[in-house]
Amino acid sequence: MTQITRTGALIDSAKPITFTFEGKRYSGVQGDTIASALAANGQWVLSRSFKYHRPRGILTMAGQDANTLVQIGNEVSVFADRHPISEGLVVKAQNVNGSLEKDRDFFMNRMGRFMPVGFYYRTFYKPKGIWEKIWEPLIRAKAGLGTLDINAPEDGYHDKAYGWYDVVVVGAGPAGLAAALEAAKSGGSVLLVDENPQLGGAASYARGMDAQNLIDQVEATDNIKIWTDAVCNGWFADNWLAVIQGNRLHKIRARQLVLATGLIEQPAQFRNNDLPGIMQGSAAQRLIKTYGVTPGQTAVVLAGNDDAYGVALDLVDAGVSVTVCELRKEAKGPLQARVQTVGLTIHDGCCINEALPAPGHKHVRGVTIAELDDAGAATGKQRMLPCDLVCMSVGYTPTYQLAVQAGGKVGYNDETAMFSITGHNADVGLAGSMDGRYALERCVEHGAAMGARAAARLSEADAPEAPDKCATSPNYPWPIFPHPKGKDFVDFDEDLQIKDIKNAVAEGYRELELVKRFSTVGMGPSQGRHAALPTARLVAKHSDRTVAEVGVTTSRPPFTTEKIATLAGRKFTPMRRTPMHAQHEAAGAEWLLAGNWQRPAYYGRGSVQRIIAAEVNNARTNVGMIDVSTLGGLDVRGPDAAEFLNRMYTFAYAKLPIGKTRYLLMTNEAGTVIDDGVACRIAEDYFYISATTTGVDNIYRNMLWWNTQWQLDVDIANVTAAFAGVNLAGPNARKVLDKLTDDIATDAEDFPYLAYREGDVAGIPARAFRVGFIGELGYEIHVPARNGAALWDAIAEAGAEFGIRPFGLEAQRVMRLEKGHVIVGQDTDGMTTPEELDMTWAVAKKKPFFVGKRSLELRNKTLGDRKLVGFALDVMPKAGLEEGNLVIKGNEIAGFVTSICQSPSVGKVIGLAYAARSDSGTGAKITLRASDGSLHQATICSPHFYDPDNKRQEM
C-alpha cells in the first residue's frame, strides 16, 4: 500500500527521506513520523506486547500508548507516532525475541491460562530467596523494553530555563486558542503551550470547524508566546509548571493557568481488540489529514457517539469502503444523516464481538458483529464483516492529569456517562471539552470565557459568565463486550484482559488503587490513559457499585515519559556580580564561583600560593579588605521576631540586647547542621541576620515553610541583593575606619567585639558590625547595594597610607582555618551534629524547642564514632594532601579531610578532618591517605591554630 504522492498538513511529499526499520529500508517524506512513514509503506506491525508478544500497531497516533514504542540508537521507548524521521535514521523494535515478524516468544499468547492476574505474587515467592536468584533475572531478561549501553556518548546537550508569565494556556486547540486571545487583551504576557507540532488541536482533523482564523489571530498577537512540540509535564504548587521542549526543561511560573488539554479517546473492549489495523477513530483522521496516509481499504467504524460519523466521512473521502457498527439503537445527528446520504451501511444496535486476525496476528482481516440486547450485552446473533481497518469511536476521558495535580477531583455521572473536574486550585481554569463543552463552537466560547476569567483575576475585575456544559455526552456508557475466549484487552501495555480485572475484584481487591497494584493495570508507559476508565467500569460492576463511587486512580507527575537527561540537564543560574565587580577586575582578580556569585579568589598573577600568603600576611600584620556582599542577608521583623529566631536556631535570642550580635547555628529536623551566620538585634522587634552565600535561598524558604506551621507574627524578607558589604580587618582596621566616619566611635570601649552600630561611613548610611571570622580586629560594613562601589573606593583610599590591599576568598579561607572556624557545607556533611563540631556551646539546652532539638537529644545519647578534629604536619608531603583525602584507621575508613592548607601564620600544614572519636584527643596520631595512595601521619591538636585566646580580634 505504498503511497508515492501524499497530501497532509505536516508533510512535504517533494522531499523524500530514507530510513531503516528492523534492518529494512523505507522511504518517507519530510514531516513524517516513524509510524506514519511505516504506515504509508504498509508496515503496520510496530512492536510486540509486553507479556504475550502479540503484534501491535498504531492505536492513537498521538504518543499516548505503548504500541508504538521503538528504540533509536541508545534511546529506548521512543514514541514512533511522535518522532520525526530523518535521513539515515536507524529504528529498532522493542520487546522482540528473534525478529519483529517472527517473534519466538509469540507462543506465550497461548499461555494466558497459566498466567492469571497477580500470578507473580502467588507463584514466585517460594522457596525463600528464589525470586532474587532465579525468577527476577529471568523475568527482567524477558521484559525487553529496549537495550541500554551505559558507555554510549551523551544524547546531546540538555539544559534548563526559567520563565514567568501572567497567563499560561496549556493546549492549543480551539478552546486554548480562544483562551490565549482573550487573556492577551489585558496586555499581560501569555504563553501558549501545545505538545503537537501545529496549532489547532482537534480542529486540525475534526469536521465542523476551521480553526485557521483563530490561529492567525494568535500568531499575530505580540504578547502571546507560542511553544509547539512542548509538553507540560507537571503542575506543582503555586502554578509552577514543568514544560519540556526538545532537550530543554522550562521551569515556568504562571500567575494564572488555563488548561485546555482536551480529551483522550478511549478504546472498546472486544476479543482481539489489539490487532494491528484496529485504531481509534481520531488516529485514522490524523493519518489521513495530517500525514496523507490512507489507513485501509475496507473499514468498520464502531460508533458510540456522533464523532464516529466524522471518521466515516473522512474515510470515504480518502477512498475507503466503510461500514458503521452503531452501538446505539436510536442514534441521530447531522453527520449520521450525511453518512446515510453517502449510502453507507449502518448496523444499529450492534457491537463488535470479535476481531479476526490475519495469519500470525499481524493484521485484522475482519470482525464479527453481534446485536445488543436491551441491557447492552452481545446476543448470539452474529455476522462476519471482512475489513482491514477498524476504527473505534466510543467515548473519551478528559485529559485531567494536570488538573488533578492541581488538586482537582474527577467525578463521573453514571446516568449520562459524563465527567466533571472540581476542587482544583483557584488560579487554574479549565476550558473546552475537558470541562464538558464538546461541540467545537461551544469549546471556543468557553475557552474565551476562561481566558477572560484569567485576565480578570489578574486585575481583580469581574469575570464573564461561562457557557453551560453540553447536555449530552460523547461517551457510550458500556463499550465492553467480554468474550468467552478472552484476549479482550483492557490494558494494552500489560496485556490485561477483562477477566483479569474481574478476578482481581473476586480476590478481594475492591478499591481501584489496590486493583491497580495487584494487577499492574495502568502502571505501564501509557499510565492508564486508555485503561483507567474501563477498569473503573469493570471494578464498579463486579463490586456492585457505581463508577462514581469507584473513582479513578491518582494522577501524579510526570504526565508523560521524560528522560533522566532532561532532569539532570545543566541548570541555568544567572551569574551574579557584586557592586564592586569593576574594582576587582581593575585590581587583577582571578575569579571563582561561590554559589552563583562571582568572587575574587585572589588578586594578581604569579605563584598562587605566594599571592595568597602575601594577602594573609598583610591582613594579619597590617590591614586588608574583602568584598562580603555575597553573604546572605535576611530581615526578620515583628512582635514575634525573637521567638521565631529562638525556634529556628539553636542559640537563645530572646534576651539579646539591642545593638549586639550573636552567632547563629541552624539544624534541620534530623539535628544536622545546615547553616550558620550572625544575628544582630537592631530593635526590639527587628533582627538583621546573615546566612551563608550558597545557603541563604534555602534558609529563606525554610523559614517561610516553618512559619506557615507556626503562624507567628513576623515578616521575613531576603535582602541579600539590597546590601553590599566590606570586611575591613587587621591591626590597622580601626585607624582606617576612623578616617571614614565621625558618626561611629570605633574604640574598643564604645564599639566592643560583637557589637552593632549605625552611622555614615564615607558619607554613606551604613550598618557596622564588630566581627572576627578571620581572627583579627575587624569591622563588617554594610551599605545599600547602589553605594557598594563608592564604599570600596573610599576604604581603599583611606587605607592607602597603611598599605591596605584587598584579599580574596582563598586568603579568607586560609585565615578562618587558622582560627578553626568551620564552613558549613565544606566542614559539614549531611549527618554533622553540633557535638561532632565541638559546638555544643552554640546550643541552648534550656530552650523548650528549636528545629532539630529532639533529634539532637536522641543522637547525643548514642554518639557517632567520628569527631571533627584539628591536625597538623610539619611539612606537606611530596604527594600532596587535599580536601577529601581519607583518614585511615587500621584497614578501615575512619573519616576524611574537610579543609587543609599550608598556613602562612602558623608555619605548618594544618587542617580539619573527621576522625575516629577514639583518636580525637590532643597529641593522638591519625593516618591520612593521599590521592596517590601513600600514607602520612598527622598529629591531632586544637583546631584553634592561631591566637587561641582571641586577643587579636577583641583588641
Side-chain angles (χ1 to χ4, degrees), residues 631-692 695-720 723 752-758 767 769-773 780 782 821-822 824-825 828 831-861:
L631 282 178
L634 298 167
D635 270 356
V636 180
R637 303 175 187 241
D640 295 332
E643 173 62 19
F644 178 75
L645 291 189
N646 261 352
R647 297 187 188 187
M648 288 300 308
Y649 290 94
T650 62
F651 231 157
Y653 303 95
K655 297 181 181 179
L656 180 66
I658 295 172
K660 294 287 287 183
T661 65
R662 182 166 292 170
Y663 180 70
L664 293 166
L665 187 69
M666 180 181 285
T667 58
N668 61 16
E669 299 97 313
T672 298
V673 173
I674 59 173
D675 203 67
D676 70 346
V678 173
C680 170
R681 193 164 200 167
I682 297 177
E684 190 68 26
D685 60 352
Y686 180 16
F687 289 80
Y688 176 65
I689 68 176
S690 66
T692 56
V696 61
D697 292 335
N698 286 331
I699 298 307
Y700 176 55
R701 286 193 292 268
N702 201 26
M703 288 180 167
L704 295 178
W705 188 90
W706 275 108
N707 205 41
T708 60
Q709 322 301 315
W710 298 332
Q711 295 294 301
L712 295 177
D713 189 359
V714 64
D715 180 72
I716 309 152
N718 187 342
V719 295
T720 302
F723 289 94
Y753 183 58
L754 296 181
Y756 164 81
R757 298 292 183 264
E758 291 183 359
R767 296 172 170 179
F769 310 82
R770 271 290 307 274
V771 293
F773 186 59
E780 196 167 291
H782 291 202
H821 294 157
V822 301
V824 174
T828 66
M831 294 296 291
T832 302
T833 66
E835 189 279 334
E836 291 175 336
L837 301 175
D838 267 339
M839 292 178 66
T840 52
W841 55 267
V843 180
K845 297 177 178 59
K846 294 183 179 180
K847 282 201 305 184
F849 172 82
F850 60 83
V851 177
K853 178 180 173 65
R854 175 169 169 75
S855 294
L856 281 180
E857 291 172 343
L858 294 173
R859 293 177 68 177
N860 287 340
K861 290 178 181 179

Engineer: How long is the span from the CZ atom in Phe769 to the NE2 atom in His782, to the nearest 0.5 Å?
Structural biologist: 5.0 Å
Engineer: How far apart are the C-alpha atoms of Met666 and Val824, what are their side-chain angles, what is the distance that settles it, and do they pass the side-chain contact (heavy atoms from CB on, under 4.5 Å) test?
Structural biologist: CA-CA 10 Å; Met666 180 181 285; Val824 174; over 6 Å; no
Engineer: Which distance, rounded to the nearest 0.5 Å, do you find between the CZ of Phe644 and the CH2 of Trp710?
Structural biologist: 6.0 Å
Engineer: Under 4.5 Å between any side-chain heavy atoms of Val822 and Met839, yes or no?
Structural biologist: yes
Engineer: Under the salt bridge (Lys or Arg N to Asp or Glu O under 4.0 Å) definition, can you give me all pairs with a residue in residues 632-645, not counting sequence neighbours?
Structural biologist: Asp635-Arg637, Glu643-Arg647
Engineer: Mind checking ring-ring contact (aromatic ring centres under 6.0 Å, His included) for Tyr663 and listing every partner two or more places apart, or none if nothing turns up?
Structural biologist: Trp841
Engineer: So how far is it from His821 NE2 to Leu837 CG, rounded to the nearest 0.5 Å?
Structural biologist: 12.5 Å
Engineer: Of all heavy-atom pairs between Ile682 and Ile658, which one has the smallest distance, and what is that distance?
Structural biologist: O-CG2, 3.3 Å
Engineer: Looking only at heavy atoms, what is the nearest atom pair of Tyr653 and Leu664, with distance?
Structural biologist: OH-CD2, 3.2 Å
Engineer: What pairs meet the salt bridge (Lys or Arg N to Asp or Glu O under 4.0 Å) rule with one or both residues in residues 672-682, with sequence neighbours excluded?
Structural biologist: Arg681-Glu684
Engineer: Shortest non-hydrogen contact from Thr661 to Cys680?
Structural biologist: CG2-CB, 3.8 Å
Engineer: For the atom pair OG1 (Thr650) and NZ (Lys845), what is the distance rounded to the nearest 0.5 Å?
Structural biologist: 9.5 Å
Engineer: Are Tyr688 and Phe723 an aromatic pair by the rule of ring centers under 6.0 Å?
Structural biologist: yes
Engineer: Say whether, by atom type as modelled, one donor and one acceptor occur between the side chain of Glu836 and the main chain of Thr833 under 3.5 angstrom.
Structural biologist: yes
Engineer: Can you name the closest pair of heavy atoms from Ala844 and Ala652 and give their distance?
Structural biologist: CB-N, 4.0 Å
Engineer: Please report the shortest heavy-atom distance between Ser855 and Gly671, naming the atom on each side.
Structural biologist: CB-N, 3.7 Å
Engineer: Only pairs at least two apart or in different chains count here, so list each salt bridge (Lys or Arg N to Asp or Glu O under 4.0 Å) that has a residue in residues 848-860.
Structural biologist: Lys853-Glu857
Engineer: Which residues satisfy the side-chain contact (heavy atoms from CB on, under 4.5 Å) test with Leu704, sequence neighbours excluded?
Structural biologist: Tyr700, Ile716
Engineer: Looking only at heavy atoms, what is the nearest atom pair of Phe850 and Asn646, with distance?
Structural biologist: CB-O, 3.5 Å
Engineer: List the steps and the verdict of side-chain contact (heavy atoms from CB on, under 4.5 Å) for Asn702 and Ile674.
Structural biologist: CA-CA 11 Å; Asn702 201 26; Ile674 59 173; 3.9 Å; yes
Engineer: Rounded to the nearest 0.5 Å, what separates atom CG in Leu634 from atom CE in Met703?
Structural biologist: 5.5 Å
Engineer: Which pairs count as salt bridge (Lys or Arg N to Asp or Glu O under 4.0 Å) when at least one residue sits in residues 653-671, sequence neighbours excluded?
Structural biologist: none
Engineer: As a quick check of understanding, evaluate side-chain contact (heavy atoms from CB on, under 4.5 Å) for Glu780 and Leu631, giving each step before the final call.
Structural biologist: CA-CA 11 Å; Glu780 196 167 291; Leu631 282 178; 3.8 Å; yes
Engineer: Please report the interatomic distance CZ(Phe651) to CG(Leu656), rounded to the nearest 0.5 Å.
Structural biologist: 10.0 Å
